[in-house]
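Everything below concerns the one structure shown next.
Proteins get letters first, then strands, A, B, ... in listed order; numbering begins at 1 in each. In this text, all values refer to a predicted model and were calculated from it rather than measured experimentally.
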Amino acid sequence: MRHLKILEYALSSLFRRKYRNLSIVAVYALTIGILASILFLTHSLKTEATYLLHDAPELIVQKISAGRHDLIPSEYTEKISTIPGVGSAEPRYWGYYYDSLTHSNYTLIGIDDTIPGLSLLEGKMPSVSGECAVGAGVGHARIAGTGDTITLFNSKDTPVVFHIAGVFRSESNILTNDLIVMGEKDFLHFFELPAGRSTDITVSVNNPNEIATIAGKIKKLYPDTRPITKSEIIRTYDAVFNWRSGMMLTIFSSALIAFCILAWDKATGISAEEKHEIGILKAIGWDTADILELKFWEGIVISLTSLLVGLIAAFIHVFFLNAPILTPVIKGWSVLFPDFRLTPYIDIYQIFVLAFLTVTPYVASTIIPSWKTAITDPENVMRN
Amino acid sequence: MVKHKIFLSFSLLEIIVLSILFLYGHATVTARSKNEMPSKKELVRYLKLTDLSLWTEARYTRHPSQADIFTPFQDFPSSPEHFPAGSIIAPENIISSTKKQAGRFQGQAL
Amino acid sequence: MDSLIRTENVTKIYNPRKPDEIKALDDASLSIGKGEVVVLKGPSGSGKTTLLSLLGCMGRPTSGRIMVDGKDVAKLPERFLTLIRRKTFGFIFQQFNLIRNVSVLENVLLPLYPVETSFPDMQSRAEKILSDLNINNKMHMKVNRLSGGEQQRVAIARALINEPDIIIADEPTAHLDSKLSSDLLRILETLNSSGKTIVIATHDPFVYDHHFVKRIVEMKDGHIREIKLT
Amino acid sequence: MMLHPGILALVVGSCIVFVMMLAASWQGLRIIAGWDFDSSSEKQLILERKTYLISSIIKYALGFEIISSLLFIYTVDDIHAMFVGAMCATGSLNANPVGWYALYLKIAVFFTASLWIMLNNLDQKAEDFPLIRPKYTALVFISVLIGLDLFFQMSYFLGLNPEVITSCCGSLFSDTSSGIAGDLSSLSIKPMMALFYFTSVIFIAAALSCLKSSAAFLRYTVSTLSIAFFFVSIASIISFISLYIYEMPTHHCPFDIFQGHYRFIGYPVYISLFCGVFFGMLPGFFQPLKRIVSLRDTIMRAEKRWLVLSILLILFFVIISSWPVVFGDFTMQGY
């Protein structure tokens with residue numbers, strides 16, 4: 001009961017200075033909103049990556065030559081597929097293409113023609129020479145859809161025309177945005193790659209517990225290769241997004257610090273009127289501990305309200321509006337940046353981290369000013 | 001003695017709104033992982049994709065898991081990072097990746 | 001007569017051993033009995049307010065003893081002084097010291113906020129006191145909308161809400177005209193007749209010439225001189 | 001070093017709390033140096049008012065430490081995917097064993113800071129500040145603990161190398177591994193269960209007899225027993241309680257029970273255990289303070305409350321942790 005009454009007075013006291021306190025709540029909520037947006041965004045991307053890459057090949061084997069990624073000969077593929085425990089080893093063809101027309105980078109993939117119709121593809125996969133399937137981003141950049149053609153310049157600077165047989169639906173943008181998928185032969189021909197070589201090898205392993213062992217065997221068999229396991233890829237994405245959100249949080253923490261300075265300043269520079277009020281309270285029977293509790297409640301009201309408002313705003317910003325404020329920061333100079341719809345993966349942990357990260361500095365920056373206010377001498381009220 | 005009731009109900013309201021948003025988020029996640037996720041995974045499987053198509057500006061940002069060890073330092077080892085995405089994507093640690101390969105040999109020896 | 005509050009050789013020095021050292025009270029001994037009305041009379045700066053604040057457990061003396069209800073409070077930690085102040089004293093200040101922009105009712109209830117009492121109980125007590133003082137019709141008004149006399153009555157109501165034994169009033173008539181002053185004294189007289197001890201500091205002749213004042217203590221430069229009235 | 005949001009929050013928070021604690025200890029030392037209860041000087045008044053600042057800092061610091069212990073476990077759990085072979089928080093902690101010290105220190109800070117607050121509450125009930133010196137000396141000790149906690153936490157996170165191959169609960173708590181963790185889970189379940197229920201019965205019996213008699217040795221016994229019960233309980237959680245909760249014969253992780261798919265059972269389990277043990281420790285701890293006249297009655301009155309609380313909490317703990325053992329579908333036949 002006592003605590004509720006002190007909360008009541010705290011609210012009445014906050015309300016009497018509503019413009020000042022509303023401005024604090026607004027700034028605080030904005031800071032929390034930005035930090036929460038960063039966390040939500042990166043966590044969503046991270047979770048999406050983890051789920052999607054679960055189906056990536058168990059092992060990728062690259063050839064390293066002079067420390068650089070090199071084309072891998074097909075006898076490697078054959079030899080690797082005979083290692084016990086390996087389900088299959090297949091060559092993979094892919095590369096980059098810089099499109100000077102739109103100043104963007106595409107990723108070209110060469111496939112053999114065994115791929116059935118994909119549900120996220122509008123149209124069909126390239127089945128004959130001269131056909132290709134493109135990501136929505138590429139289609140958008142080149143203003144081309146299914147049935148149109150796309151002209152790319154090969155290494156001899158000769159234009160090669162491809163018919164767009166299919167465009168990947170925008171739901172898959174996060175995977176396919178910059179892809180141009182074509183037949184294996186077209187790919188080899190386009191880049192004039194030597195026969196019997198591929199970009200790298202994908203290896204499927206039947207028993208997931210043996211992936212590391214098989215990677216070791218491949219490395220021993222071919223010391224000039226670099227096997228990359230699926231779990232390493234997933235871990236890399238985890239680290240990338242943690243690093244990324246940590247980095248952005250660190251940068252935006254300056255906003256938090258600025259806010260805490262503001263809070264400190266507001267809490268220290270209380271008006272003569274407020275000081276007089278505290279004096280009156282103490283004179284009529286409030287103890288220093290009661291005033292400290294009053295200040296504690298004021299802090300709770302401000303930080304709880306700001307936290308909740310900030311979280312709601314961040315959720316709407318990230319998952320309904322697709323984070324318009326943050327995308328330029330993540331996007332960098334990428335010309336083709338996927339126009340993805342973020343999936344709202346959220347857990348209590350995110351909220352917890354955020355509350356911890358934002359409330360602690362605020363509370364810490366108000367402890368000493370609150371105490372300074374609380375020890376106001378009641379006797380002062382008797383004099384003016 | 002009504003202000004604390006107003007405050008508590010306001011906070012409760014905010015919590016309810018937040019919970020509704022989260023439930024909506026949860027529902028979306030469930031719906032998408034039922035409807036879209038299998039077809040996306042299908043793409044990953046058939047096209048043998050290993051990376052998200054997020055940053056297309058450079059090789060090591062387009063395919064963080066596939067890039068050459070040296071890629072971030074292509075010009076010379078202390079070349080200042082100039083891709084905005086590169087400033088927040090951690091370049092691979094060369095020393096520890098050598099150690100990792102050494103570790104793999106040990107793993108095999110066992 | 002039993003003494004309710006007694007000071008023994010109380011000295012209070014502000015800013016000791018500094019250039020602006022002030023000896024506000026010097027060896028002051030005073031005993032106030034239950035049900036008494038005591039007026040501290042003297043010019044400003046004579047130490048009235050200091051003595052009142054020490055009697056009211058708002059501060060601690062530099063030396064000497066202060067007995068409240070048989071307990072020495074001179075050395076008590078602040079939080080115990082607060083407890084005693086909360087239970088024993090009601091204060092009426094020179095400027096009414098009400099909290100602006102807050103309703104009459106809330107102002108009156110403030111002393112009870114840190115105490116474990118239920119709100120309906122507090123409210124019924126406040127309503128009774130406010131109707132006794134005839135301002136229950138303005139209960140939900142903000143105090144800064146009230147006239148001086150009404151504010152004074154709110155301040156009195158606030159001083160009475162914790163049912164104190166002793167009422168301490170510091171220059172209560174300083175901002176009131178003569179009609180309001182006599183209203184106030186009538187209220188104080190009623191309170192005294194219901195058994196409350198009243199200590200008033202004033203230099204207003206209207207107060208110490210009033211018929212219900214039986215005892216006047218004159219103060220000068222921190223010293224005490226007693227005038228007994230018949 | 002890993003720049004993870006949770007790690008960032010923990011490190012920033014701990015640094016802030018450590019700085020506040022340093023300030024509090026400094027003020028505490030000044031209070032000890034300048035304290036003169038008989039003086040009515042301005043200085044004494046200022047020192048007295050500083051006690052409010054210090055106790056308010058400690059209260060916030062304790063609150064922070066409790067929440068940060070949880071956040072630490074969550075974070076450690078969240079980053080387990082970064083370590084090969086780690087399947088839960090235990091695996092991440094093994095990736096850099098300094099993490100265990102950070103966790104132990106957090107538990108130590110919980111107990112010492114709570115004790116300090118109890119001490120402070122008692123002290124504030126007396127009119128003559130009887131405990132001012134021990135209180136503010138202890139403050140320095142708590143600051144050191146918090147500093148060590150910050151240090152170990154930092155060196156844990158800084159030393160994390162996501163490529164290290166670590167063992168997970170499965171292998172750490174499997175019967176073949178060495179070290180305490182392995183010993184705990186290799187304890188055969190029947191004797192462990194017997195010890196657990198035996199200690200709890202003895203503890204409750206001792207606490208009940210404390211309510212009846214005022215003998216000093218009973219209080220010391222209850223405190224010793226409650227500390228013993230704490231270790232036995234932690235060992236039991238790892239050894240058999242977790243098995244029944246997870247319904248898996250090899251999963252001994254003491255942290256996974258915080259997770260949602262075990263219905264957050266970890267919260268009531270650990271909260272009742274920690275608080276029950278804490279209140280059980282108090283009577284013996286405060287027994288010597290009964291010599292101080294101004295505290296004697298307060299302690300006597302509070303002691304009853306502590307004992308009753310402790311008995312109820314420990315009973316609650318025993319009941320909810322036995323629930324899956326008695327009523328669960330999982331049986332340990334053959335293990």
Side-chain angles (χ1 to χ4, degrees), chain A residues 1-23 270-301 370-384, chain C residues 12 14 24 44 48-54 56-60 77-103 106-119 121-122 142 155 158-159 161-162 164 168 170-171 201:
Chain A
M1 196 62 212
R2 204 185 126 242
H3 302 297
L4 277 186
K5 285 189 282 185
I6 293 185
L7 168 63
E8 175 79 14
Y9 186 76
L11 287 165
S12 135
S13 153
L14 286 174
F15 195 68
R16 258 176 291 135
R17 284 166 269 272
K18 49 180 168 298
Y19 295 112
R20 195 187 79 170
N21 291 312
L22 273 180
S23 67
I270 55 163
S271 60
E273 191 194 345
E274 200 178 342
K275 201 155 172 75
H276 186 64
E277 274 183 33
I278 301 288
I280 295 173
L281 291 180
K282 290 198 74 174
I284 60 175
W286 287 48
D287 187 32
T288 309
D290 299 322
I291 307 287
L292 281 172
E293 188 180 332
L294 167 69
K295 291 284 161 187
F296 166 78
W297 281 118
E298 287 187 10
I300 289 282
V301 171
S370 311
W371 169 75
K372 283 231 164 93
T373 319
I375 57 164
T376 306
D377 213 326
E379 213 190 335
N380 287 344
V381 177
M382 308 268 288
R383 310 163 188 283
N384 0 328
Chain C
K12 175 80 182 181
Y14 289 103
S44 53
K48 293 184 313 262
T49 303
T50 307
L51 184 57
L52 272 192
S53 74
L54 289 182
C57 292
M58 283 206 195
R60 293 191 297 204
E78 274 192 322
R79 56 180 181 284
F80 293 99
L81 289 180
T82 310
L83 284 181
I84 293 173
R85 197 160 69 232
R86 211 183 260 175
K87 278 202 299 253
T88 325
F89 296 97
F91 291 91
I92 301 168
F93 303 101
Q94 183 176 356
Q95 307 83 358
F96 315 116
N97 274 338
L98 298 171
I99 292 185
R100 287 166 55 79
N101 283 318
V102 164
S103 72
E106 216 181 323
N107 256 297
V108 172
L109 291 177
L110 277 179
L112 293 182
Y113 271 41
V115 187
E116 287 289 351
T117 41
S118 77
F119 192 75
D121 181 38
M122 280 161 65
K142 299 254 163 79
R158 186 181 64 188
I161 188 81
N162 56 344
I168 289 184
D170 187 23
E171 304 277 6

Nearest heavy-atom neighbours spanning C:P114 and A:G285: CG-O, 4.0 Å
Separation of C:I161 CD1 from A:I284 CD1 (nearest 0.5 Å): 10.5 Å
Spatial distance of atom CZ (C:R86) from atom CG (A:D287) [nearest 0.5 Å]: 6.5 Å
A:N380 CG to C:S53 OG distance, which is reported to the nearest 0.5 Å: 10.0 Å
Neighbours of chain C found in residues 12-21 of chain A - heavy atoms under 4.5 Å: A:S12, A:R16
Point-to-point distance, once rounded to the nearest 0.5 Å, from NZ of A:K5 to CG of C:L112: 6.5 Å
Pairs of heavy atoms under 4.5 Å with chain A: top-ranked of C:L81, C:L83, C:V102: C:V102
Part of A:E273 lying under 4.5 Å from any heavy atom of chain C: side chain
Backbone N/O of C:M58 and side chain of A:K282: donor-acceptor pair under 3.5 Å: no
From CG (C:N97) to CD (A:E277), nearest 0.5 Å: 11.0 Å
Residue part contacting chain A, namely of C:R85, when any heavy atom lies under 4.5 Å: side chain
Side chain, backbone, both or neither of C:E106 within contact of chain A (heavy atoms, under 4.5 Å): side chain
Part of A:H276 within contact of chain C (heavy atom distance under 4.5 Å): side chain
Rounded distance (nearest 0.5 Å) linking atom CG of A:L281 with atom OH of C:Y113: 10.5 Å
Contact leader toward chain A among C:L110, C:L52, C:N101, where contacts are heavy-atom pairs under 4.5 Å: C:L110
C:R158 versus chain A, the contacting section by heavy-atom distance below 4.5 Å: side chain
